[in-house]
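Working notes for the structure below.
Letters go in sequence order (proteins before strands), and every chain restarts at 1. What you are looking at is a predicted structure, and each value in this text was computed from that prediction instead of being measured.
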Protein chains: 2
Amino acid sequence: MKSDIEIAQEAKMLPIIDIAQKVGFSEDDLEQYGKYKAKITYETIQKAEGQDQGKLILVTSINPTPAGEGKSTVSIGLADAMNRIGYQTTLALREPSLGPVMGVKGGATGGGRAQVIPMEDINLHFTGDMHAITTANNALSALLDNHIQQGNELGIDTRRITWKRVVDLNDRALRHVVVGLGGPMQGVPREDGFDITVASEVMAILCLATSLTDLKTRLGKIVIGYTAKKEPITVAQLKVEGALTLLLKDALKPNLVQTIEGTPAFVHGGPFANIAHGCNSIMATKLALATSDYTVTEAGFGADLGAEKFLDIKVPNLNKAPDTIVIVATIRALKMHGGLAKDSLTQENIPALEKGFANLRRHIRNMSRYTIPVIVAINEFSSDTKAEFETLTTLCQQEGVPVTQCAVWEKGGAGGEQLAREVVQLTQETKAFTPLYSPQDTLLDKTETIAKTIYGAKEVNLSPKAEKQLNDFIAYGWDHLPVCMAKTQYSFSDDPTKLGAPDHFSLTIREFVPKLGAGFIVALTGDVMTMPGLPKAPAALNMDVTNSGQAIGLF
Amino acid sequence: MKSDIEIAQEAKMLPIIDIAQKVGFSEDDLEQYGKYKAKITYETIQKAEGQDQGKLILVTSINPTPAGEGKSTVSIGLADAMNRIGYQTTLALREPSLGPVMGVKGGATGGGRAQVIPMEDINLHFTGDMHAITTANNALSALLDNHIQQGNELGIDTRRITWKRVVDLNDRALRHVVVGLGGPMQGVPREDGFDITVASEVMAILCLATSLTDLKTRLGKIVIGYTAKKEPITVAQLKVEGALTLLLKDALKPNLVQTIEGTPAFVHGGPFANIAHGCNSIMATKLALATSDYTVTEAGFGADLGAEKFLDIKVPNLNKAPDTIVIVATIRALKMHGGLAKDSLTQENIPALEKGFANLRRHIRNMSRYTIPVIVAINEFSSDTKAEFETLTTLCQQEGVPVTQCAVWEKGGAGGEQLAREVVQLTQETKAFTPLYSPQDTLLDKTETIAKTIYGAKEVNLSPKAEKQLNDFIAYGWDHLPVCMAKTQYSFSDDPTKLGAPDHFSLTIREFVPKLGAGFIVALTGDVMTMPGLPKAPAALNMDVTNSGQAIGLF
C-alpha cells in the first residue's frame with residue numbers, strides 16, 4: 001500500500017494558474033510561489049469584497065482518538081466529490097504547524113487519495129506565513145524588552161508582562177524561561193515563556209482580520225502587560241503596530257493550492273483548536289465564498305473545540321453562519337470512546353460502538369443546538385462491519401440526523417459522492433442561526449454556558465487567580481468579550497482520559513489570558529499547555545531528503 | 001531628493017523570467033516567488049556544475065564609520081556599469097538580516113540608483129531562507145532538549161551544551177537565558193542563549209555547502225556539546241541531520257533578483273562578517289561564475305573581516321580566488337578615521353584625510369598580500385573636493401594601486417563606467433593567489449597570523465578559558481582548522497573606538513567556538529556580541545504599510 005507522501009508525490013499537479021481559473025482568477029490575480037502555490041493579491045481580494053455569497057459547509061468531528069478520524073481527509077474528499085457531481089466547490093483550510101509535523105504527525109494535509117498538494121511544501125515552510133507570524137510576535141517581544149532596557153518610559157512592570165515569545169516547534173524546555181540575564185548591558189532579567197506560534201495572538205489576529213487596516217488596528221490593541229498600578233499597556237502605546245503590520249503584509253494574503261483531483265484550496269492561517277480558536281482565516285473563507293458556489297471549511301479537533309469556536313467566535317466576524325455542519329466519525333474511534341483498546345478495534349463490537357456513540361450523540365445535539373442542518377460522515381475502514389454501520393445508522397436516526405459512509409481515503413472524490421449529494425441537499429434548507437450566547441453575557445456566563453451546554457459539565461470552578469482576573473477585567477471593560485476555551489481535545493472535560501461523554505464533572509479555569517487584538521479572552525482549563533512537547537521518538541528522526549530535494553518521512 | 005525606497009518602488013521591474021534569460025536560464029530553471037523573485041532548481045544547479053569559469057571580482061571596504069561607505073551600492077553600480085559597457089556581469093550578494101533592518105539600518109540592498117529590487121521583499125522575508133535557517137537551528141535545540149528530557153541516552157552534560165538557539169532579530173534580552181524551568185514535565189533547567197540567525201553555524205554551513213549531500217554531511221558534523229567526560233556530541237549521534245536538511249532543502253537553492261538596471265543578482269545567504277564568515281553562498285557564487293563572464297561579489301564590513309574570511313575560508317571551499325579586489329572608501333569616512341567628527345565632514349580637510357588614509361593604506365597592503373590586483377573605488381559625495389581627491393590619488397599611487405571615483409548612488413551604472421573599465425582591465429592580469437596561512441598551521445598560529453599580519457596587533461592574548469580550549473582541541477583533532485575571527489567591524493583592533501590604523505595593541509581571544517560542520521573555529525575577540533541589541537529609537541518605530549500593501553519606512 002502506498003504511503004500518503006508517495007501518493008502525493010506521484011500526483012500530477014496542474015499549474016496553479018489553471019487552478020486559479022476555476023475560481024475565476026487570472027495570472028494577474030496571483031503572486032506565484034513556485035509553479036503550484038500562489039498568494040492572492042490585495043487588489044483581487046478587494047475586488048471580491050461583498051461577493052461572498054456561496055454556501056458554507058463546516059466539517060467537524062467527534063473527540064479525536066488514537067484510532068483516527070480523518071476530518072481533513074473527509075473535508076478534502078467531500079470537496080472533490082462535490083466538484084465531480086457538478087457543484088463548483090472550493091476548500092478553505094488551515095496551514096499545518098511544524099511543531100506537530102516534526103513531533104508526532106509528520107504531516108497534516110489529508111490522507112490517501114484525499115490530500116492537498118504539494119504536501120511537502122504545505123507541511124514544511126509553505127509560503128512563509130508561520131514564519132512571518134513568529135517573527136512579528138518575537139519582534140514585539142524584542143521591542144518591548146528594548147523599551148524597558150532603554151528607560152521604560154511607559155512604566156511597564158516586568159513582573160506583569162503577559163506577552164510571550166513563540167516558536168513554531170514543540171519545545172517544552174521553552175515553556176518557562178528567564179531572560180535578560182548577564183548584567184546591565186544584557187537587558188532586564190524577568191520571567192518569560194514561549195508558546196507555539198499557532199497559539200499566539202498574532203495568529204488569531206491574522207485569522208480574524210478582514211483587511212490590512214483591520215490587522216493594524218487589532219495589532220495596536222494587543223495588551224502586552226501592565227504597569228505597577230495594573231494599567232494595561234498596548235502595542236499602540238509602544239508605537240510598533242505599523243512595523244508588525246509590515247512584517248505580516250504578505251502573510252495576510254490567502255494561499256491557493258490544489259487537491260490531488262484539482263479542487264482549488266485556500267490554505268491559510270493555522271491556529272490550533274485546543275489552545276487557540278482553530279479556524280482558518282476570515283479572508284480565505286470570504287475569498288472562497290466569493291468565488292465558489294460551495295465552500296468546504298474545517299474547524300480543528302472535536303466539535304466541542306473547533307466548531308464551537310467557529311460558531312461563537314468566527315461567525316460573528318465572518319457575518320455568515322455555515323449552511324450545513326458535517327460531523328466526521330469512524331466506527332473504530334467510536335469503539336475506543338466505548339472503552340475498547342486500540343488493538344481490539346478491528347473486531348466487530350456492537351456494545352462498544354453503542355457505548356461510544358455517546359460521544360457522537362453529544363456532538364450531534366450540540367451542533368443541532370445552533371439550528372443548522374447536521375449530517376454525520378463515517379470515514380470507512382476496511383474493518384467496519386455491516387452490522388456496525390446499521391447500528392450506527394439507527395442511533396443517528398434516533399437523533400434525527402442523516403449518516404453516510406464515505407471512502408475518500410481509498411477512492412478520492414469518487415468515494416464521497418453520496419455524502420456530497422446529501423450535503424448539497426441539506427444546504428438548500430433555510431434555517432436561522434441560533435447563537436449559543438448573547439454578546440451581552442458576561443465572561444463568566446459565557447464560560448459557564450460553553451462548559452455546561454457544550455461540554456456537559458455540572459459546574460465551573462475558577463482558580464483564585466482566575467477569580468481575581470474576572471474582577472480586574474470588569475474594571476478594564478473586558479467583561480463582555482467572547483471566550484476562547486483552551487482545553488484538551490481528547491475529552492469533553494478538562495481531563496484527557498475521560499472518553500465518551502463524561503457527566504457530573506467540574507471544569508477548572510486556572511487562568512484567563514486577555515487577547516484584546518483578537519477580541520476574545522482565552523480561558524485555560526485543566527493542565528492544557530500552550531507549548532507542546534516532543535515524544536520520545538519524534539517524527540523528525542525518520543525525515544530525510546533525496547539528493548534532488550524530494551522529502552522523505554512526511555506522512 | 002527621493003529616498004531609496006521611493007526610487008526602488010518606482011523602478012520598472014522586468015519579469016524575473018527576462019532576468020533569468022540574461023544568464024541563460026528559461027522558465028523551467030526557476031521556481032518563481034511572485035513575479036520578481038525566483039529560486040533556481042537543483043536540476044539546473046547540477047547542470048551548471050563544473051562550468052564556473054567566469055572572472056570573479058570581490059568588493060570590500062575600509063572599516064565602516066557612521067559617515068557611510070556604500071560597499072553594497074558600489075558593488076551593484078559596478079555590475080550595472082560593466083553590463084552597460086558590454087561585459088556580461090552578474091551579482092552574487094548576501095541576504096539582509098531582519099535584526100538590523102528593524103534596528104538601525106532599515107534596509108540593506110544598496111542605495112540610490114544602485115539597488116537590488118524588489119527592495120522591500122528582499123529586506124523583509126524574501127524567499128524565507130533566514131526563517132528556514134532559524135527553524136532548523138531551533139528544531140535542533142528542541143530535539144536536543146527532548147533527548148535529555150527523555151532519558152539522555154547519549155549522556156550529554158547539560159552544563160556543557162554549546163549549541164544555542166537563534167532569532168533573526170536584535171534581541172539583547174535573549175543573550176543569556178535559563179530554559180527548562182517549571183518542574184519535571186517542562187524539561188531540564190540549564191543555561192542557554194540566543195544568537196542572531198546570521199551568526200549561526202547553520203547559516204555558515206548553508207553558505208559553504210556545495211550540494212544537498214554536502215549540506216547533510218556538514219549538519220551531521222555539528223558539535224552540540226559534550227558528555228561529562230568531555231567527549232564531543234554531534235548531530236549525527238542525535239540522528240537528526242536528515243530532518244534538518246529537509247528543513248533547509250529550499251533555502252539552499254540560490255535566489256535570483258535584479259538591480260534597478262536589470263542586472264541579474266543571486267542574493268543568497270547572509271552571514272555577518274563581524275561574528276560569522278560574512279560571504280554569500282558558495283552555490284550562488286558558483287552559479288554566477290557558471291552563467292556569466294564576470295561576477296561581482298561582496299564580503300561584509302571592512303577588508304580585515306569579510307575579505308580576509310573570503311580569502312582564507314571561502315576561497316578554499318570555492319576552489320577559486322578573486323581576479324580583482326575592489327576596496328571601497330569615501331573621503332568622508334577617511335576623514336572620520338583621521339579624527340574628524342561627523343558634523344565636520346562636509347568641509348575640506350586634507351590633513352584629516354591624510355591621517356585617515358592610514359586605514360585604507362593598511363587594507364590596501366593587506367589585500368595586496370594575497371597577490372591579487374587591487375583597486376580603490378571612491379564612492380563620491382557632493383562635499384568631496386578636487387584637492388581631496390587629488391591627495392587621495394597621490395596616496396594610492398604611493399601604494400601602487402589605482403583609484404577611481406564613482407557616482408553610482410546618483411547615476412546608477414552610468415556613474416561607474418570608468419571604474420568598470422579599470423576593473424575589467426585588472427581582471428586580465430594573471431597572478432597566482434597567495435594564501436595568508438598554510439592549512440597545516442595550528443589554530444594559534446593562524447590566529448596570530450591574522451592578528452599580526454592583517455590587524456596589525458603586536459600580540460594575541462588568550463583568556464584562561466581560550467587557552468584551556470586550545471589544549472582540548474588538540475585532543476579532539478581540531479587544531480588545524482581555519483579560524484573565523486569574531487571582532488568589532490569598526491576597528492582593526494578589538495576596541496571599536498580605535499579608528500584609523502591602530503598599532504601596538506594586544507588582541508584578546510576570550511573564547512573559541514568550534515563549528516565543525518562549517519569546518520572552522522570561531523575566535524571571539526574583545527567584547528564582540530553574537531546577538532546585537534536595539535537602539536533607543538529602533539527603525540521599527542517608523543515602519544508602516546499602506547492599505548494596498550506597500551512598505552513605508554524601509555530605507
Side-chain angles (χ1 to χ4, degrees), chain A residues 31-35 42-43 98 102 124-125 128 131-132 135 138-139 141-143 145-146 149-150 167-182 186-188 211-213 239-240 242-243 245-247 249-250 533-534 536 538 540-541 543-545 547-549 551-553, chain B residues 31-35 42-43 98 102 124-125 128 131-132 135 138-139 141-143 145-146 149-150 167-182 186-188 211-213 239-240 242-243 245-247 249-250 533-534 536 538 540-541 543-545 547-549 551-553:
Chain A
E31 288 165 15
Q32 291 189 58
Y33 284 64
K35 295 186 178 66
Y42 282 122
E43 244 183 358
L98 263 176
M102 305 297 287
L124 294 170
H125 308 289
H131 295 317
T135 303
N138 293 347
S141 292
L143 289 159
D145 273 318
N146 187 57
Q149 173 77 2
Q150 304 281 358
V167 286
D168 189 32
L169 292 165
N170 290 6
D171 194 347
R172 73 169 69 71
L174 292 179
R175 283 175 190 154
H176 301 283
V177 303
V178 173
V179 301
L181 298 171
Q186 331 282 356
V188 176
S211 67
L212 260 180
T213 314
K239 301 191 174 70
V240 297
T245 309
L246 179 60
L247 287 169
K249 77 179 174 66
D250 292 318
L534 287 169
K536 179 145 180 121
L541 296 181
M543 291 180 185
D544 207 340
V545 59
N547 291 352
S548 59
I552 298 169
Chain B
E31 289 165 14
Q32 292 190 56
Y33 284 63
K35 294 185 179 65
Y42 282 122
E43 244 183 358
L98 262 174
M102 304 299 286
L124 295 171
H125 308 290
H131 296 317
T135 303
N138 293 345
S141 293
L143 289 159
D145 274 318
N146 187 59
Q149 173 77 2
Q150 304 282 358
V167 288
D168 188 31
L169 292 165
N170 290 6
D171 193 348
R172 73 170 67 72
L174 292 179
R175 283 175 190 154
H176 301 282
V177 304
V178 173
V179 301
L181 299 171
Q186 331 283 355
V188 176
S211 67
L212 261 179
T213 313
K239 300 189 175 69
V240 297
T245 310
L246 179 59
L247 287 169
K249 77 180 175 68
D250 293 319
L534 287 168
K536 181 149 180 117
L541 296 180
M543 291 181 185
D544 207 341
V545 59
N547 291 351
S548 58
I552 297 169

* Heavy-atom distance under 4.5 Å to chain A: side chain of N170(B), backbone, both or neither? ->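 Answer is backbone: N, CA, C or O of N170(B) sit under 4.5 Å from chain A.
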
* Asked: Heavy-atom distance under 4.5 Å to chain A: side chain of K536(B), backbone, both or neither?
  ->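 Answer is both: backbone and side chain atoms of K536(B) are under 4.5 Å from chain A.
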
Can you name the closest pair of heavy atoms from [X] and [Y] and give their distance?
X	Y	value
A243(B)	M102(A)	CB-CE, 3.9 Å
A139(A)	L169(B)	N-CD1, 3.4 Å
D171(A)	N138(B)	OD2-O, 4.4 Å
L534(B)	A142(A)	CD1-O, 3.8 Å
K249(A)	G549(B)	CD-O, 3.2 Å
S548(A)	L212(B)	C-CD1, 4.4 Å

* Please name all residues satisfying side-chain hydrogen bond (donor to acceptor under 3.5 Å, both in side chains) with Q149(A), sequence neighbours left out, ordered by chain then number. =>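 If we apply the side-chain hydrogen bond (donor to acceptor under 3.5 Å, both in side chains) test to Q149(A), skipping adjacent residues, there are no hits.
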
* Who passes side-chain hydrogen bond (donor to acceptor under 3.5 Å, both in side chains) against N146(A), sequence neighbours left out? ->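 If we apply the side-chain hydrogen bond (donor to acceptor under 3.5 Å, both in side chains) test to N146(A), skipping adjacent residues, the hits are Q150(A), R172(B).
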
Measuring only between side-chain heavy atoms, which start at C-beta, is [X] closer than 4.5 Å to [Y]?
X	Y	value
V178(A)	L181(B)	yes
L541(A)	V240(B)	yes
T135(B)	L98(A)	yes
V179(A)	R175(B)	no
L124(B)	L247(A)	yes

* Euclidean distance, L246(A) CG relative to I552(B) CD1, rounded to 0.5 Å ->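 That separation rounds to 8.5 Å.
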
* Find the distance between CD (Q32(A)) and CD (Q32(B)) and round it off to the nearest 0.5 Å. =>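 Nearest 0.5 Å value for the CD-CD distance: 6.0 Å.
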
* Top residue by heavy-atom pair count (under 4.5 Å) with chain B, among G533(A), A551(A), A540(A), G128(A)? ->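 With the most close heavy-atom pairs to chain B, the winner is A540(A).
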
* Highest number of heavy-atom pairs under 4.5 Å with chain B: which of G182(A), G187(A), A173(A)? ->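 Winner by heavy-atom pair count: A173(A).
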
* Contacting moiety of Y42(A), where chain B heavy atoms sit under 4.5 Å ->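 For Y42(A), side-chain heavy atoms alone lie under 4.5 Å from chain B.
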
* Asked: Under a 4.5 Å heavy-atom cut-off, does chain B meet the side chain of N547(A), its backbone, both or neither?
  ->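 For N547(A), heavy atoms of backbone and side chain both lie under 4.5 Å from chain B.
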
* To do: Please say whether more than 12 non-hydrogen atoms of neighbouring residues, nucleotides or ligands are located less than 6.0 Å from NZ in K239(A).
  =>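 No, not enclosed.
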
